[in-house]
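Beneath this line is the structure, given in structure tokens, with notes to follow.
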Amino acid sequence: MNKVSFSYLDELNEVQRNAVTTIDGPVMVIAGPGSGKTRVLTYRIAHLINSGVHPGQILALTFTNKAAREMKERIERVIGSSANKIWAGTFHSLFARILRVEAHRIGYPNDFTIYDTDDTKSVISEIVKTMNLDKKVYAPGVVRSRISSAKSNLITPKAYAVNEELLAYDRMNMRPHIHVLYDKYVKKCEKAGAMDFDDLLLQMFKLLYQNPDNVRSKYQNQFKYILVDEFQDTNYLQYEIMKLLIEYPDSPRNICIVGDDAQSIYSFRGASIENILMFETDFPEVQVFKLEQNYRSTNFIVNAANEVITYNSNQIKKKIWTQKEDGKKIKLIKAATDNEEGKRVSDSIIEQKNRFNLANKDIAILYRTNAQSRVFEENLRRFNIPYRVYGGLSFYQRKEIKDFLAYIRMVINDKDDEAFKRIINFPKRGIGNTSVEEIAKIAEDNGMSMWEVINSIELNSRAKKSIGEFVSIIRESKAKIDKLDAYEAAKFILNKSGIMTMLKADGSIESRSRMENLTSLLDGIQEFVQDDTLEINEEFSNDKSLSKFIQNISLMTDQDENNADADTVTLMSVHSAKGLEYRSIFVVGLEENLFPSYMSLADPSQIEEERRLFYVAITRAEEHLTLSYANSRYQYGDMRFNDPSRFLEEIKDENIDGLIGITRESKGFGEPKILGNFKPLKPKTASLNINPDDFSASPISKIIPGARVLHLKFGEGQVLSVDDRQIATILFSDAVDSPEKRIVLKFAKLQVLE
DNA sequence: GGGGGCTATGGGGGG
DNA sequence: CATAGCCCCC
């Protein structure tokens with residue numbers, strides 16, 4: 001029955017095997033890209049379980065939802081359904097889960113609200129306004145990041161107020177009052193029963209550190225084995241939480257950290273490479289395993305990665321290597337404009353699919369900023385290449401979804417002033433800014449929530465009647481949530497809110513899509529109600545209330561994962577590509593000011609982080625790596641000109657193939673004139689399967705009317721005519737859209753068939 | 001006091 | 001290009 005099999009150990013190389021089987025005491029795995037890190041992690045967990053560890057005693061922490069999901073899936077494949085007993089997930093989601101049970105011990109309600117970045121910024125703006133500070137100087141984003149990094153370094157508002165270094169920095173930037181804002185912000189969140197993303201860590205720390213009712217030992221006993229993925233991305237606070245969980249008298253200190261300093265790309269949110277050094281000091285008995293053999297990429301790609309990273313001065317010495325063949329050289333696409341870049345990349349994707357028999361899902365386009373996706377989306381659509389965009393504005397960040405969720409938040413936690421402000425006058429019911437500010441002021445002065453104010457204080461605002469309407473919507477909804485299941489309750493609230501009525505009345509295409517989104521959120525809630533799979537810990541699993549549903553929604557940043565197996569090209573930021581691999585990778589927008597980002601140019605350490613980011617990007621590729629840049633692009637509404645990225649120069653020429661396509665010396669405006677044929681292809685174009693080795697382009701002089709030719713993209717065709725500009729009209733009978741194509745001979749790859 | 005339209009400004013990455 | 005803030009009219 002429970003036959004224990006250790007056969008998976010045969011699939012590992014020696015270093016990997018040692019990293020998997022050394023289960024006692026602290027272990028550090030330094031894992032280069034493609035070195036089988038995830039395999040080591042999953043097999044290590046499988047090995048723990050095979051060695052008699054109960055799955056519920058394992059805590060496996062990751063940074064992104066995507067990494068967590070992938071880890072869980074892979075563990076399940078190895079050990080079966082008991083995998084769902086493992087505490088595997090992101091720091092934020094697992095700590096939120098614990099705090100949902102324990103928060104009352106540290107003065108928070110267990111059904112605390114989670115503030116996302118927008119909520120946080122809005123709270124800060126409010127404080128800046130009431131303090132009569134300049135909102136340009138105290139931009140909410142800037143203030144938020146100061147507060148966030150204070151929290152990440154365990155600096156309380158009190159400590160901040162006397163920390164000369166921080167104060168001096170703020171004075172230098174003409175923001176001497178940040179410590180006051182920090183203090184007020186924390187108090188406001190506490191009063192609203194809300195935690196921001198940093199609080200999920202900070203309050204977890206507080207819980208373990210202050211140790212009410214000896215709660216710490218409960219979790220120390222529960223988590224006998226701790227694993228941390230992407231350790232180079234942890235911040236000080238996360239490190240301290242780990243230590244509280246692992247360090248106690250006679251602790252076996254079973255902690256395994258996995259990471260790669262060369263892939264540290266999150267210092268902007270407080271991650272610190274120093275944690276790796278600190279770990280070696282705090283756990284001197286640590287056993288270190290270095291995984292340097294790369295199983296992912298061919299040699300040209302590995303070489304390029306090694307070359308690029310040598311330009312960084314701060315790094316743990318290691319060199320990745322591969323036994324694979326040289327493979328294809330790196331391709332470079334040089335475009336005149338961002339739009340041409342989009343076209344050439346799409347063009348190149350079609351060519352690769354045909355020449356190398358790649359599926360769409362083997363291909364990913366990686367960019368530095370999410371805003372770059374638009375041009376690629378447009379062009380991929382034009383070529384009828386199915387694609388999927390990760391990141392950017394997720395489903396839960398859409399306006400209509402946030403509005404509806406704000407209603408639900410209000411119904412569940414009426415102290416949630418951020419939700420209150422969002423919906424008090426949405427849909428429009430005649431309660432303007434003046435009234436809202438009056439309510440906010442009274443709330444502030446009396447230490448009440450805004451909801452309490454409108455329920456207890458007679459306002460002289462003439463919006464009184466409308467406020468009454470709002471109160472009854474929320475009250476009636478409140479009366480329902482305990483009687484109905486999450487789905488019925490949500491449907492009731494949505495109806496009451498009037499959002500749907502408003503959208504229906506509007507009738508625009510946009511409104512219709514908003515209504516669809518709301519309906520699909522309701523579907524999601526229905527699914528949640530009917531879902532019968534068990535969660536990690538049974539004490540959490542029977543709650544089907546609406547409150548339970550929305551509790552972790554702020555943490556759900558990924559887009560719907562329903563069709564993860566669909567055959568689509570993937571578009572995403574380099575950050576979210578970490579940990580993934582594709583047969584073919586396009587890294588686009590390689591220009592100074594963009595990649596590396598203009599934000600990083602002044603600071604050498606930030607340039608190094610950009611370089612690590614580039615390192616991450618190129619090491620995602622298994623066989624094909626294409627780098628592209630544009631001489632000019634539209635940014636912030638007008639045309640900008642950027643130089644090619646310094647990172648391109650850091651790759652030795654011997655690893656790079658010649659240019660693809662036109663080299664335009666002129667940095668002119670507008671569309672390049674000649675770009676081949678960009679009419680849309682029908683989807684599911686039959687792959688032509690032309691072996692590139694059998695293909696050799698013929699000289700232009702051979703392309704004459706009547707000749708039979710082979711084209712890499714369009715297959716076999718017959719030349720009808722060639723005009724004096726050397727443009728041939730060719731009949732491709734297999735082409736799905738229009739069989740007749742005009743081909744510019746100067747750029748076309750045509751082979752004359754005898 | 002509230003709502004709609006126009007102008008000015010800022011624009012990174014993720015939980 | 002998107003959003004916030006401002007002005008002006010209802």
Side-chain angles (χ1 to χ4, degrees), chain A residues 61-68 89-96 114-122 125 129 135-136 139-142 144-145 148 151-152 195-202 230 233-235 237-238 264-271 338 366-372 374-375 390-394 396-397 399 424-438 459-464 466 552-558 572-579 589 593-601 606 609-610 612-613 616-617 633-640:
Chain A
L61 298 162
T62 66
F63 282 82
T64 62
N65 290 315
K66 203 188 289 154
T90 63
F91 280 89
H92 291 86
S93 72
L94 292 183
F95 292 168
I114 298 175
Y115 276 173
D116 66 13
T117 310
D118 287 344
D119 295 321
T120 296
K121 284 190 195 163
S122 157
S125 302
K129 210 187 292 172
K135 54 188 177 301
K136 297 241 166 62
V142 176
R144 189 196 79 96
S145 95
S148 172
K151 286 183 174 179
S152 304
M195 296 192 196
D196 65 19
F197 289 138
D198 297 309
D199 280 323
L200 295 175
L201 310 178
L202 184 61
E230 309 282 12
D233 292 337
T234 46
N235 61 35
L237 173 54
Q238 287 163 322
S264 162
I265 56 174
Y266 283 105
S267 75
F268 72 92
R269 63 172 203 220
D338 51 350
L366 309 184
Y367 33 75
R368 177 65 181 83
T369 67
N370 282 313
Q372 285 165 259
R374 206 198 83 247
V375 169
Y390 274 94
L393 204 59
S394 87
Y396 294 102
Q397 290 173 300
K399 184 185 178 303
I424 177 72
N425 196 33
F426 183 88
K428 293 243 151 38
R429 49 173 79 82
I431 307 167
N433 274 332
T434 321
S435 301
V436 176
E437 256 157 50
E438 187 192 351
L459 297 159
N460 44 18
S461 153
R462 79 175 183 206
K464 207 155 58 177
S466 310
N552 288 330
I553 271 196
S554 327
L555 298 174
M556 300 171 65
T557 52
D558 285 18
M572 62 176 128
S573 70
V574 181
H575 280 91
S576 48
K578 179 142 91 156
N593 296 317
L594 185 59
F595 199 177
S597 155
Y598 73 100
M599 309 276 291
S600 70
L601 296 179
Q606 287 201 52
E609 175 141 322
E610 296 284 313
R612 292 192 294 270
L613 193 57
V616 167
R633 68 174 59 242
Y634 276 99
Q635 275 175 301
Y636 320 133
D638 55 17
M639 181 79 85
R640 307 279 172 112

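In this text the structure is predicted, and so the values were computed from the model without any measurement. Here is the naming used below: chain letters follow the sequence lines, and residue numbers restart at 1 for every chain.
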Protein-nucleic acid N or O pairs under 3.5 Å, nucleotides 3-5 of chain B:
| from | atom 1 | to | atom 2 | distance (Å) |
| --- | --- | --- | --- | --- |
| B/dG3 | OP1 | A/Gly430 | N | 3.2 |
| B/dG3 | OP2 | A/Asn425 | ND2 | 3.1 |

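Partners of A/Lys428 by salt bridge (charged side-chain N to carboxylate O under 4.0 Å, His left out), not counting sequence neighbours: none found. Legend: residues meeting side-chain contact (heavy atoms from CB on, under 4.5 Å) with A/Arg640, ordered by chain and number and at least two apart, are A/Gln635, A/Tyr636, A/Asp638. Residues satisfying the side-chain contact (heavy atoms from CB on, under 4.5 Å) criterion with A/Gln606, sequence neighbours excluded, are A/Ser600, A/Asp603. In this structure A/Ser145 satisfies the side-chain contact (heavy atoms from CB on, under 4.5 Å) test with no other residue, sequence neighbours excluded. Legend: residues meeting salt bridge (charged side-chain N to carboxylate O under 4.0 Å, His left out) with A/Asp196, ordered by chain and number and at least two apart, are A/Lys151. Listed by chain and residue number, A/Glu610 satisfy the salt bridge (charged side-chain N to carboxylate O under 4.0 Å, His left out) test with A/Arg368 (two or more places apart in sequence, or in another chain). In this structure, the side-chain contact (heavy atoms from CB on, under 4.5 Å) partners of A/Val616, at least two apart in sequence or on a different chain, are A/Gln263, A/Ile265, A/Val574, A/Lys578, A/Arg620.
Of the side-chain N and O atoms in A/Asn370, none sit less than 4.0 angstrom from OP1 or OP2 of B/dG11. Considering only side-chain N and O atoms, A/Ser93 lies nowhere under 4.0 angstrom from the phosphate OP1 or OP2 of B/dG15. Distances shorter than 4.0 Å separate some side-chain N or O of A/Ser435 from OP1 or OP2 on B/dG2. Between A/Thr117 and B/dG15 there is no side-chain N or O to OP1 or OP2 distance below 4.0 Å.
A ring-centre distance under 6.0 Å is found for A/Phe91 and A/Phe63.
The residue A/Phe63 sits close only to the backbone: its heavy atoms come under 4.0 Å of sugar-phosphate atoms, none of a base. Within the nucleic acid shown, A/Arg633 has no heavy atom closer than 4.0 Å to any nucleic acid atom.
DNA chain B contains the following stems of three or more consecutive Watson-Crick or G-U pairs, with both distances under 3.5 Å: B:1-10 with C:1-10.
A/Ser125 places a side-chain N or O within 3.5 Å of a backbone atom of A/Lys121 that can act as its donor or acceptor partner.
When each of B/dG11, B/dG2, B/dG14 is scored by its nearest atom to the side-chain atoms of A/Arg640, the top-ranked nucleotide is B/dG11. Looking at the side chain of A/Asn65, the nearest of the listed nucleotides B/dG15, B/dG12, B/dG14 is B/dG15. The A/Thr434 side chain lies nearest to B/dG2 when the options are B/dG14, B/dG12, B/dG2.
For B/dG12, the base has a donor-acceptor partner in the side chain of A/Glu610 [N/O atoms by modelled type, under 3.5 angstrom].
If you measure from atom CZ of A/Arg374 to atom C1' of B/dG11, you get 14 Å, rounded to the nearest angstrom.
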